[in-house]
Amino acid sequence: MEMTEGKEEKNLEETAKTEGKNFIQHFIDGDLAEGKIRPGPCRFPRSNGYLHIGHAKAICLNFGLALANGGKCNLRFDDTNPTKEEQEFVDSIKADVEWLGFHWDHLFFASDYFEKLYLLAEKLVTIGKAYVCDLSPEEIHQYRGALTEPGKESPYRDRSPEENLDLLRKMKAGEFPDGSRVLRAKIDMASPNLNMRDPVLYRIQRAHHHRTGDGWCIYPMYDFAHPLSDAIEGITHSICTMEFEDHRPLYDWCINAADMPCKSRQIEFARLNMSYTVMSKRKLKLLVEEGYVQGWDDPRLPTLSGIRRRGYPAESIRAFCESIGVAKANSTVDIAQLEFFVRDHLNYHAPRAMAVLDPLKVTITNYPEGQEEMMQVVNNPEDSEAGTRPVPFSRQILIEKSDFMEQPTKKFHRLSPGAEIRLQNAYYIKCEDYKKDENGEVVELFCTYDPSTRGGWSEDGRKVKGTAHWLSYPHAVKGEVRLYNRLFSVENPDDYPEGGSFLDHINPQSVEVVEAYLEPSLAEVKPGDRFQFLRQGYFVADPDGALGRPVFNRIISLKDSFKKIMK
RNA sequence: AGGGGUGUAGCCAAGUGGUAAGGCAACGGUCUUUGGAAUCGUCAUUCGUUGGUUCGAAUCCAGCCACCCCUGCCA
């Protein structure tokens, strides 16, 4: 038998080829049709910080586009600012991309091109398209003008190419102090696009660079390095987010001014926002550094490391990114859409197991004392290849407290005085009596079982409405279970009153830790092993666990229509 | 105020002059040894808005409205 059909994930190539086309693919199609550009590599530029689900969208887009068009995708770090680059981020970003299942063609750093970029800068100076400016940062700011007013030209704007070249070389040689001079593009101080008002191309900055060490004291700006790095690599379509749209004229200017043979094209798309979470680096950093969460890989965070620890499968992240499409309009995707793809994948791939999170003891009065037996239980009804496992049954069992109601409502199909239900894969049991403690809380049930219903089937065709999961009390193992919920209690945490903060919306119940009872097979799980705890949700073994003492994170609960019915 | 963008259902999103795809959510039915899954069905007479062009407009034109981005030697 084979795996249940229908919802299986497509492999990367199939997905890339068959899914509906987004506007970027239309651009590429157009370029292809005109024959003026052949599809080349894409690239994923990132510099610092941990990746989150929004970056996953960009990664899936870039690598997906490359795959769909027979191109390659490079991974490039735009490490042009030495004070902001850290090896730690490089390593985590590489790990995240790999985890998502993508393979880059080449791993590049903008710093690989420092020499080439510098030569290009000299070229611009030589042909009179760039100049060395001695204005201070404050002065440059003032000269830039305002949104509605044109800027003023720098008094150094008309230096000769010879003088500029000499000055640039001296900048490079370290003859001037930090911040004393910059190299600027000579474009148009009256441009309505502020980015075109003689933007800075190089700054003097004596800082140790994580890859080039102290080899340079001048560093290119992103606006200069990015387009030229793309052109050097032969990237034909350079995808970035909307806030760079105003930079595109400058992107094109650099490539044309330097007369690069590869006319790379920048295309912008809207970044991903999601309900019930925050995506900005600043806010995520605050959550981590102020201790609202345990770290960058806290399972409640939308970081890829957090999502991974939470147990979300990479396949489901890819399917999600595929489903949300790509466009230019601001949007906030409902987190329920992500959760759908997580459940969808796990339903087919996570073996089932039984766990009781809030136990109620049940004694089966007509089951012989000291007797026990093994029930052969299907691991995954959605996957016939997943096999079966033995689960012990005995006189003392544990069920979920919520599966018993002393005075049941009409819609309640579970156990109540006199009611009969099925213990899944075991027997029908009927509640004959129950015991309360001094507080009036039900602490134990006394049931009888029907020996002819072994496996959970009745010979006389009698039906029961409820089916419950259970554990043999003497055989159960204990473990920690962390029940994660959404980090924020409102759809848009950024929507808060004057003087407030997104922190005010943190869900006080974003995690609940319980001591749970687990079936014996769960004693020896490995971190990353995923299960569906029957009738409850999907869970993943956390690295915090130890052999015989597992720790599980709840990935996502099962959809729960019972909650709705009972309302 | 200048420039650049964007408005299609509760949320994403196709649609490119021929009469509104798809997914999520929601809501009903069937089925069920997970109140899960599966399955069937319902869910935009209308595309921010007002006019215009056209036999015909979400698509073309004009005006208006709303929201986002831009004055780092950050990316």
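Residue numbers begin at 1 in each chain, while the letters A, B, ... track the order of the sequences. Hydrogens, waters and symmetry mates are skipped; everything else that's a heavy atom, side chains included, is used.
- Using a 4.0 Å cut-off, some side-chain N or O of Arg203(A) falls inside it from OP1 or OP2 of rC74(B).
- When the ring-ring contact (aromatic ring centres under 6.0 Å, His included) test is applied to His469(A), no partner is found at least two apart in sequence or on another chain.
- The phosphate of rG35(B) (OP1 or OP2) has a side-chain N or O of Arg535(A) nearer than 4.0 angstrom.
- With sequence neighbours excluded, no residue forms a salt bridge (charged side-chain N to carboxylate O under 4.0 Å, His left out) with Glu88(A).
- The base of rU34(B) is paired with the side chain of Gln532(A) by a donor and an acceptor separated by under 3.5 Å.
- The cationic group of Arg352(A) does not satisfy the cation-pi geometry with Tyr538(A), failing either the under 6.0 Å distance to the six-membered ring centre or the 45° limit from the ring axis.
- Contacts of Tyr517(A) classified as ring-ring contact (aromatic ring centres under 6.0 Å, His included), with partners at least two apart in sequence or in another chain: none.
- Rounded to an integer number of Å, the gap from CD of Glu339(A) to P of rC12(B) is 16 Å.
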* What would the secondary structure line of RNA chain B be in dot-bracket form, counting Watson-Crick and G-U wobble pairs under 3.5 Å, with [ ] for pairs that cross earlier ones and | for pairs with another strand? -> .(((((((.[[[..)..(...]]].(((((.......))))).....[[[[[..)....]]]]])))))).....
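- With sequence neighbours left out, Tyr427(A) forms a ring-ring contact (aromatic ring centres under 6.0 Å, His included) with Phe393(A), Tyr449(A).
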Using a 3.5 Å cut-off and no angle test, enumerate the donor-acceptor pairs between side-chain atoms of residues 171-185 of chain A and protein atoms at least two apart in sequence or in another chain.
| unit_1 | atom_1 | unit_2 | atom_2 | d |
| --- | --- | --- | --- | --- |
| Asp178(A) | OD1 | Arg206(A) | N | 3.2 |
| Asp178(A) | OD1 | Arg206(A) | NH1 | 2.7 |
| Asp178(A) | OD2 | Arg206(A) | N | 3.0 |
| Ser180(A) | OG | Pro177(A) | O | 2.7 |
| Arg181(A) | NH1 | Asp134(A) | OD1 | 3.2 |
| Arg181(A) | NH1 | Asp134(A) | OD2 | 2.9 |
| Arg184(A) | NH1 | Asp198(A) | O | 2.8 |

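- Under 4.0 angstrom from either OP1 or OP2 of rG4(B) there lies no side-chain N or O belonging to Lys328(A).
- Comparing Lys463(A) and Leu135(A) by the nucleotide of RNA chain B whose heavy atom lies nearest to each, the residue mapping closer to the 5' end is Lys463(A).
- Judged by atom type and distance alone, Glu382(A) reaches the base of rG36(B) through a side-chain donor-acceptor pair under 3.5 Å.
- Residues satisfying the side-chain hydrogen bond (donor to acceptor under 3.5 Å, both in side chains) criterion with His210(A), sequence neighbours excluded, are Asp79(A), Gln87(A).
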Pairwise N/O distances under 3.5 Å, protein to nucleotides 69-71 of chain B:
| unit_1 | atom_1 | unit_2 | atom_2 | d |
| --- | --- | --- | --- | --- |
| rU71(B) | O2' | Arg144(A) | NE | 3.2 |

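- A search for salt bridge (charged side-chain N to carboxylate O under 4.0 Å, His left out) contacts involving Asp112(A) returns Arg211(A), not counting sequence neighbours.
- Partners of Asp460(A) under the salt bridge (charged side-chain N to carboxylate O under 4.0 Å, His left out) rule, at least two apart in sequence or in another chain, are Arg462(A).
- The six-membered or imidazole ring of Phe320(A) lies away from that of Tyr312(A), with a centre-to-centre distance of 6.0 Å or more.
- The ring-ring contact (aromatic ring centres under 6.0 Å, His included) test applied to Phe533(A) returns Phe539(A), Phe552(A), not counting sequence neighbours.
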Enumerate all atom pairs, one protein N or O and one N or O from nucleotides 15-18 of chain B, separated by less than 3.5 Å.
| unit_1 | atom_1 | unit_2 | atom_2 | d |
| --- | --- | --- | --- | --- |
| rG15(B) | OP1 | His26(A) | NE2 | 2.8 |

